[in-house]
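The figures that follow rest on heavy atoms only: side chains count, while hydrogens, waters and symmetry mates do not.
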Amino acid sequence: FARAMDLKTLRLASLQLSPERLEAFVTYQRTMLKELASAPPGDWSGRYAFAHAKALAASKLDLVEYGKLKALVADFCGRRSTYLQVKARVESGQLAGEKLARAQKELPNLADVSEFEARYGAEAVQLLQSREVELVQLHRELAAKEGGGHLHQA
């Protein structure tokens with residue numbers, strides 16, 4: 001019961017995802033990638049800050065909305081990246097024996113979006129799933145550019 005209440009509270013505090021908000025976030029990500037790719041070498045933090053400012057302006061998101069969208073989309077993309085990575089390893093034949101059995105057993109758990117849905121809502125899940133390939137790709141590209149510790153390999 002406490003867990004359900006916690007998820008309900010989190011859902012009420014979360015940003016309501018809409019197609020327009022998701023499009024604005026995708027605009028932010030695309031602009032960020034473009035700006036980081038075209039920035040001259042040198043001071044990374046300065047280049048990053050400049051790219052971030054341009055991406056925010058292009059997306060028309062404020063910092064609070066951007067932060068909430070980033071958390072929501074990163075949560076989704078992180079989960080989906082993990083699922084897709086394990087699924088690809090199973091299908092490629094890279095795993096055998098106990099590792100293969102463990103991965104096959106874990107795939108349904110990794111594919112399950114019910115907890116995410118309880119937190120963010122069915123509409124958010126449907127919207128994110130409708131653009132999953134694009135979102136996961138942008139997430140991975142930005143993680144690689146930013147040098148983040150949460151890289152999701154294809």
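Between atom CG of residue Leu84 and atom CD of residue Glu132 there is a gap of 5.5 Å, rounded to the nearest 0.5 Å. A distance of 10.5 Å separates CZ in Arg80 from CZ in Phe116, rounded to the nearest 0.5 Å. Atom NZ of Lys68 sits about 8.5 Å away from atom CZ of Arg21, to the nearest 0.5 Å. Considering CZ of Phe50 and CG of Asp43, their distance stands at 12.5 Å, rounded to 0.5 Å. Remark: Leu17 CG to Glu123 CD distance equals 9.5 Å, nearest 0.5 Å. Rounded to the nearest 0.5 Å, atoms CZ (Phe76) and CG (Leu135) are 6.5 Å apart.
Under the 30°/60° scheme for interplanar angles, the aromatic rings of Tyr48 and His52 are found to lie parallel.
Within the 3.5 Å criterion, the main-chain N or O of Leu127 finds a donor-acceptor partner in the side chain of Ser130.
When all heavy atoms are compared, the tightest approach of His139 to Gly78 is NE2-N, 4.3 Å. Heavy-atom minimum distance, Tyr28 versus Leu56: CD1-N, 3.7 Å.
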Arg131/Glu23 under salt bridge (charged side-chain N to carboxylate O under 4.0 Å, His left out): CA gap, chis, key distance, verdict: CA-CA 10 Å; Arg131 297 182 73 173; Glu23 185 56 40; 2.8 Å; yes
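Screening Arg30, Lys54, Arg47 for a side-chain contact (heavy atoms from CB on, under 4.5 Å) with Glu35, the sole residue that qualifies is Lys54.
Arg102 and Glu98 are joined by a salt bridge, as a carboxylate oxygen and a charged side-chain nitrogen come within less than 4.0 angstrom of each other.
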